[in-house]
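Residues take their numbers from the sequence shown, with the count starting at 1.
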Amino acid sequence: MTSVPSQKFVVLLRVSTKRQGHDGHGIAGQRRDINLFLQQQENPEVIKELVEVESGASSSRPVLEEALNLCRQHHCSLLVQRVDRITRDLEVLARIVKDKQVQVRVACLPYADNFQIHLYGALAVQEREFISRRTKQSLAAAKAKGVRLGNPNIAEMNRTRKREARTFADQHSNLIWSLRNKGKTLREICSVLNDAGITTRNGGLFHPVQVTRILRRSNNPAVPTA
């Protein structure tokens with residue numbers, strides 16, 4: 001059993017896209033369930049609340065890593081609404097629940113320990129794989145009947161998103177390259193942008209991965225690696 005105190009928490013709220021938040025699994029819904037959980041605890045203390053806009057299957061999760069480091073630093077628990085708000089990658093989840101310095105608490109599973117949380121994660125992976133297979137079979141059956149699948153406007157939508165991403169990169173690349181050329185690290189550049197009130201294209205905080213993407217989309221041939 002872990003010795004991490006259970007009444008101190010780092011709260012992690014995650015959505016895959018900025019548009020999420022209008023349903024029960026958005027930021028507002030997650031915060032509501034987490035607040036209900038905290039109300040049932042004795043003298044809970046939230047060390048920090050972090051909001052992440054990133055896919056749970058992504059291999060680059062700087063906000064999650066920040067949350068885990070805060071848990072280790074302050075000897076507190078990582079609190080999320082549901083297991084899949086941590087990650088959809090079962091290997092990543094296994095690594096986290098095996099970390100002796102981090103206790104995971106799930107608002108919708110208030111009495112689950114790390115072992116049970118890992119089990120719920122494994123069951124969720126099986127459910128998603130079953131749904132995926134069933135969806136593919138349904139689409140194949142529809143296609144065989146002559147049903148036209150897909151959005152006919154998807155190509156133009158993708159081109160529009162790429163243009164918007166390039167425009168956003170062009171708007172901020174000069175400032176970012178100026179900071180980079182002065183020897184600033186990616187994290188230091190993020191701090192400058194966030195402190196100045198500049199947001200990402202989706203309205204969130206800057207993290208190194210967003211800065212790197214902007215520099216890759218800019219015309220400067222050098223791309224930072226750290």
Side-chain angles (χ1 to χ4, degrees), residues 1-17 19-139 207 209:
M1 293 292 292
T2 178
S3 60
V4 177
S6 61
Q7 299 309 102
K8 295 168 62 178
F9 304 94
V10 172
V11 173
L12 176 64
L13 309 172
R14 184 186 66 78
V15 290
S16 298
T17 66
R19 289 187 178 89
Q20 282 188 308
H22 301 293
D23 57 30
H25 302 314
I27 294 297
Q30 292 177 54
R31 188 175 284 124
R32 176 200 62 218
D33 292 346
I34 285 173
N35 286 337
L36 287 173
F37 170 89
L38 291 172
Q39 290 171 12
Q40 298 173 2
Q41 308 305 306
E42 184 177 354
N43 298 322
E45 178 184 358
V46 175
I47 301 300
K48 190 169 185 178
E49 178 188 283
L50 297 173
V51 177
E52 183 177 37
V53 182
E54 187 62 75
S55 168
S58 173
S59 59
S60 177
R61 299 284 303 282
V63 179
L64 173 61
E65 290 303 321
E66 180 183 355
L68 293 172
N69 287 332
L70 284 171
C71 289
R72 299 180 187 111
Q73 178 183 352
H74 296 281
H75 306 290
C76 55
S77 301
L78 177 67
L79 176 58
V80 294
Q81 179 206 32
R82 304 189 320 176
V83 177
D84 63 2
R85 296 301 89 188
I86 306 173
T87 180
R88 292 183 181 275
D89 187 322
L90 193 56
E91 292 185 5
V92 173
L93 181 62
R95 173 177 61 83
I96 294 172
V97 298
K98 289 179 181 179
D99 191 328
K100 300 297 184 182
Q101 295 181 285
V102 179
Q103 180 179 353
V104 179
R105 302 297 301 275
V106 179
C108 293
L109 300 169
Y111 303 110
D113 57 22
N114 280 20
F115 171 78
Q116 292 169 321
I117 289 169
H118 187 212
L119 179 60
Y120 280 113
L123 293 174
V125 168
Q126 286 188 333
E127 180 183 15
R128 286 194 297 273
E129 290 177 349
F130 173 75
I131 292 173
S132 176
R133 289 196 301 268
R134 185 176 61 187
T135 300
K136 289 178 181 178
Q137 291 171 356
S138 298
L139 291 174
H207 297 284
V209 65

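Taking Asp89 as the reference, nothing meets the salt bridge (Lys or Arg N to Asp or Glu O under 4.0 Å) condition, with sequence neighbours excluded. In this structure Lys98 satisfies the side-chain contact (heavy atoms from CB on, under 4.5 Å) test with no other residue, sequence neighbours excluded. Residues forming a side chain to side chain donor-acceptor pair (under 3.5 Å) with Gln116 (at least two apart in sequence, or on another chain): none. For Glu49, the salt bridge (Lys or Arg N to Asp or Glu O under 4.0 Å) partners at least two apart in sequence or on another chain are Arg31. With sequence neighbours excluded, the residues that form a side-chain contact (heavy atoms from CB on, under 4.5 Å) with Ser60 are Ser58, Pro62, Val209. Gln73 meets the side chain to side chain donor-acceptor pair (under 3.5 Å) test with no other residue; sequence neighbours excluded. For Pro44, the side-chain contact (heavy atoms from CB on, under 4.5 Å) criterion is met by Phe9, Leu38, Gln41, not counting sequence neighbours. Asn35 pairs by the side chain to side chain donor-acceptor pair (under 3.5 Å) definition with nothing, not counting sequence neighbours.
In this structure, NE2 on His207 lies 7.0 Å from CD on Glu52, to the nearest 0.5 angstrom. Rounding to the nearest 0.5 Å gives a distance of 12.0 Å between CD of Glu65 and CG of Leu50. Remark: Arg32 CZ to Leu36 CG distance equals 7.5 Å, nearest 0.5 Å.
Of the listed residues (Leu79, Leu78, Val11), just one forms a side chain to side chain contact (heavy atoms under 4.5 Å, CB included) with Arg105, and that residue is Leu79. The side chain to side chain contact (heavy atoms under 4.5 Å, CB included) with Val104 is formed by just one residue from the set Leu109, Ile117, Val83; it is Ile117.
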Is there a side-chain contact (heavy atoms from CB on, under 4.5 Å) between Ile96 and Leu64? Walk through the geometry before answering.
CA-CA 10 Å; Ile96 294 172; Leu64 173 61; 4.1 Å; yes
Would you please test Arg82 and Asp33 for side-chain contact (heavy atoms from CB on, under 4.5 Å) and show each step?
CA-CA 9 Å; Arg82 304 189 320 176; Asp33 292 346; 5.9 Å; no
List the steps and the verdict of side-chain contact (heavy atoms from CB on, under 4.5 Å) for Leu68 and Arg72.
CA-CA 6 Å; Leu68 293 172; Arg72 299 180 187 111; 3.8 Å; yes
Dump the intermediate steps for salt bridge (Lys or Arg N to Asp or Glu O under 4.0 Å) on Glu54 and Arg61, then the final yes or no.
CA-CA 7 Å; Glu54 187 62 75; Arg61 299 284 303 282; over 6 Å; no
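Looking at every heavy atom in both residues, Val97 comes nearest to Asn114 through O-ND2, 3.1 Å. Between Val63 and Val51, the closest heavy-atom pair is CG1-O, 4.1 Å. Ser55 and Ser16 get closest at one heavy-atom pair: CA-OG, 4.1 Å.
Gln7 places a side-chain N or O within 3.5 Å of a backbone atom of Glu42 that can act as its donor or acceptor partner. Using a distance-only test at 3.5 Å, with no hydrogens or angles considered, a donor-acceptor pair links the side chain of Lys8 to the main chain of His74. In terms of modelled atom types and a separation under 3.5 Å, the side chain of Arg14 and the main chain of Arg85 share a donor-acceptor contact.
Residue pairs meeting the salt bridge (Lys or Arg N to Asp or Glu O under 4.0 Å) criterion with at least one partner in residues 114-124, sequence neighbours excluded, are absent.
At least one side-chain heavy atom of Leu90 sits less than 4.5 Å from a side-chain heavy atom of His118.
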